[in-house]
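Here's the structure we're looking at; comments come further down.
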Amino acid sequence: MNPMSGPYVIRGSVSLPEAELMWRFSRSSGPGGQHVNTTDSQVELRFDLAKTEALPPVWKERALAKLAGRLVDGVISVRSSEHRSQWRNRETAAVRLAALLAEATVPPKPRRATRIPRGLNERRLREKKQRSDTKRGRSGRDWG
């Protein structure tokens with residue numbers, strides 16, 4: 001079998017740690033020709049996001065928050081069965097996982113500070129004063 005074409009880069013100098021990837025192979029329902037019922041060509045790649053030390057802590061928190069719906073006990077899994085060969089399915093699954101983590105660890109866009117227009121603020125205060133006067137007029141103090 002060929003060596004993996006890894007390391008699968010997530011972003012910058014951070015890549016998927018080969019030792020932390022858990023592979024599982026099973027029979028695929030996809031294309032396969034004559035040996036389709038004898039080859040385990042479907043690949044399931046699992047990565048323990050909660051316990052990994054490979055990601056910077058900030059990235060890890062972001063990824064755990066963004067991928068919360070896809071995680072099972074802090075583990076994310078990716079499946080691939082579109083190719084006939086297990087090797088290509090492994091490649092596809094690893095690339096897909098790296099892309100998923102890259103997308104999940106992107107920092108949020110910073111908030112752009114905006115000013116409230118002066119007119120809007122003045123109108124709000126004027127309406128507030130009016131409401132206050134209306135309510136003050138309802139008290140029965142000076143009905144003597």
Side-chain angles (χ1 to χ4, degrees), residues 1-139 141:
M1 190 169 202
N2 307 359
M4 291 298 284
S5 74
Y8 298 97
V9 177
I10 296 171
R11 202 168 59 247
S13 61
V14 181
S15 58
L16 283 174
E18 201 64 54
E20 293 183 29
L21 299 178
M22 296 167 279
W23 299 93
R24 208 169 81 200
F25 308 102
S26 57
R27 304 246 166 96
S28 173
S29 62
Q34 292 180 340
H35 69 301
V36 70
N37 294 328
T38 59
T39 312
D40 290 342
S41 60
Q42 176 171 292
V43 173
E44 183 182 357
L45 173 58
R46 301 173 72 217
F47 179 64
D48 198 337
L49 191 55
K51 291 185 184 145
T52 187
E53 296 296 318
L55 297 177
V58 182
W59 285 25
K60 192 165 146 179
E61 282 174 35
R62 252 184 240 145
L64 284 168
K66 278 193 182 172
L67 300 172
R70 284 193 66 159
L71 298 175
V72 179
D73 297 331
V75 177
I76 186 159
S77 72
V78 175
R79 266 207 182 115
S80 175
S81 63
E82 51 262 22
H83 301 293
R84 283 175 59 160
S85 79
Q86 185 189 97
W87 164 250
R88 284 178 65 195
N89 280 331
R90 282 177 72 139
E91 288 288 310
T92 307
V95 168
R96 208 178 283 166
L97 180 64
L100 199 64
L101 288 173
E103 197 178 314
T105 56
V106 173
K109 283 200 170 97
R111 181 188 176 278
R112 242 182 50 208
T114 55
R115 272 189 63 238
I116 298 170
R118 198 166 81 212
L120 206 67
N121 211 16
E122 285 173 358
R123 189 177 78 200
R124 180 182 65 84
L125 293 172
R126 196 169 48 248
E127 286 172 0
K128 217 173 146 168
K129 180 104 176 81
Q130 244 175 3
R131 189 90 186 123
S132 162
D133 291 344
T134 303
K135 288 189 171 188
R136 197 178 312 121
R138 290 182 188 152
S139 70
R141 276 180 294 169

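Numbers here simply count residues along the sequence, with the first being 1.
Taking every heavy atom of both residues into account, A104 and K66 meet most closely at O-CD, 3.5 Å. When all heavy atoms of I76 and R70 are compared, the closest pair comes out as CD1-NE, 4.4 Å. Scanning all heavy atoms of the two residues, the minimum distance from L49 to A63 falls at CD2-CB, 3.9 Å.
The environment of CG in D73 is sparse: at most 12 heavy-atom neighbours from other residues, nucleotides or ligands sit within 6.0 Å. Shown here is E20, whose CD atom has more than 12 heavy atoms of other residues, nucleotides or ligands within 6.0 Å. Enclosure of atom CD in E127 by more than 12 non-hydrogen atoms of other residues, nucleotides or ligands within 6.0 angstrom is indicated. No more than 12 heavy atoms of other residues, nucleotides or ligands sit less than 6.0 Å from atom CD1 of I116.
A salt bridge links R96 with E82: at least one charged nitrogen is closer than 4.0 Å to a carboxylate oxygen. A salt bridge links R118 to E122: at least one charged side-chain nitrogen sits closer than 4.0 Å to a carboxylate oxygen.
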Do N89 and Q42 pass the side-chain contact (heavy atoms from CB on, under 4.5 Å) test, and can you show the C-alpha distance, the side-chain angles, and the key distance before you say yes or no? CA-CA 7 Å; N89 280 331; Q42 176 171 292; 5.6 Å; no
If you apply the rule side-chain contact (heavy atoms from CB on, under 4.5 Å), what do you find for L101 with L67, and how did you get there? CA-CA 9 Å; L101 288 173; L67 300 172; 4.1 Å; yes
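Counting only distance, with no hydrogens or angles, the side chain of S132 and the backbone of K128 share no donor-acceptor pair below 3.5 Å. In this structure, T52 contributes its side chain and D48 its backbone to no donor-acceptor pair below 3.5 Å.
In this structure, CZ in R46 is found 5.5 Å from CE in M22, a value given to the nearest 0.5 Å. In this structure, OG1 in T92 is found 10.5 Å from CH2 in W87, a value given to the nearest 0.5 Å. Annotation: the span from R79 atom CZ to S26 atom OG amounts to 6.5 Å, rounded to 0.5 Å. Note that OG of S80 is 11.5 Å distant from CZ of R90, once rounded to the nearest 0.5 Å. Rounding to the nearest 0.5 Å gives a distance of 11.5 Å between OG1 of T105 and CG of L64. With rounding to the nearest 0.5 Å, the separation of CG in L45 from CG in L97 is 5.0 Å.
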